[in-house]
**Q** 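Dropping the structure in here first, questions after.
Excluded from the calculations below are hydrogen atoms, water molecules and symmetry mates; all remaining heavy atoms, backbone and side chain alike, are included. Nothing fancy with the numbering, it's 1 onward along the sequence.
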Amino acid sequence: MARLLLILALVATAFWVYTIVDCAVQPAGRHRGVSKAAWMVIVIVLPVLGGILWFLIGRGRASRPTAARRAPDDDPEFLRGMSASARAEQDERIRRLEEELAQLDSEADDPRPQTPPPAPGTASSDDPDDPGKGDDDSRGQRGAVG
């Protein structure tokens, strides 16, 4: 018997908390009978009975469901209203934008101008005083040759 009372107390407490939260988050326009503050007092002071009254009397039904918003290109009504020339113009604009994007993607990420690497065996700089040039051995390693 004690277990049953404990289970009922837990269910009543969960129902009471759910009712308080539901009453608190509902917009004021959906409360019927009395004001939102009065419903909060009723639900808190009369835990189970207040919750039952809230769901039977106080909680207003949702107004008719609103249609989900759609982007114009997903809305069949909008597409039917477009003329053939407007569709062709829109398709042409999309094609141009896609070409521009492809061109931008194909360009290198580095904005500096790309210079081709020097051919093997040719000096990339004509300055003989440039340190570090010309002291490579045949394997491309720096240091004393020997």
**Q** For the pair E100 and R96, find out whether any cationic side-chain nitrogen is under 4.0 Å from an anionic carboxylate oxygen.
**A** no
**Q** For W54 and W39, take the angle between the two ring planes, folded into 0 to 90°, and tell me which bin it lands in: parallel under 30, tilted 30 to 60, perpendicular over 60.
**A** perpendicular
**Q** Mind checking whether L8 and L49 sit in one hydrophobic cluster, side chains of I, L, V, M, F, W, Y counted as touching below 4.5 Å?
**A** no
**Q** Indicate yes or no for a side-chain donor-acceptor contact from W16 to the backbone of G50 under 3.5 Å, with no hydrogens or angles considered.
**A** no
**Q** Could you state the interatomic distance from CG (L10) to CG (L5), rounded to the nearest 0.5 Å?
**A** 11.0 Å
**Q** What is the minimum heavy-atom distance between M40 and C23, and which atoms define it?
**A** SD-SG, 3.5 Å
**Q** CG of L56 to CZ of R32: how many Å apart, nearest 0.5 Å?
**A** 9.5 Å
**Q** Looking only at atom types and distance, does a side-chain atom of H31 sit under 3.5 Å from a main-chain N or O of A37, one as donor and one as acceptor?
**A** no
**Q** Rounded to the nearest 0.5 Å, what separates atom CD1 in I44 from atom CD1 in I20?
**A** 5.0 Å
**Q** May I ask whether Y18 and V25 are part of the same hydrophobic cluster, defined by side-chain heavy atoms of I, L, V, M, F, W, Y residues being less than 4.5 angstrom apart, directly or through others?
**A** no
**Q** Taking V43 as the starting point, is it possible to reach V21 by hopping between hydrophobic residues whose side chains are less than 4.5 Å apart?
**A** no
**Q** Any ion pair linking R95 and E92 (charged N to carboxylate O, less than 4.0 Å)?
**A** yes
**Q** Measure the spacing between OG1 of T19 and CG of L46 and express it to the nearest 0.5 Å.
**A** 12.0 Å
**Q** Grouping I, L, V, M, F, W and Y whenever their side-chain heavy atoms are under 4.5 Å apart, do V48 and V17 come out in a common cluster?
**A** no
**Q** Could you report the tightest heavy-atom contact between P47 and V45, atom names first, then the distance?
**A** CD-O, 3.2 Å
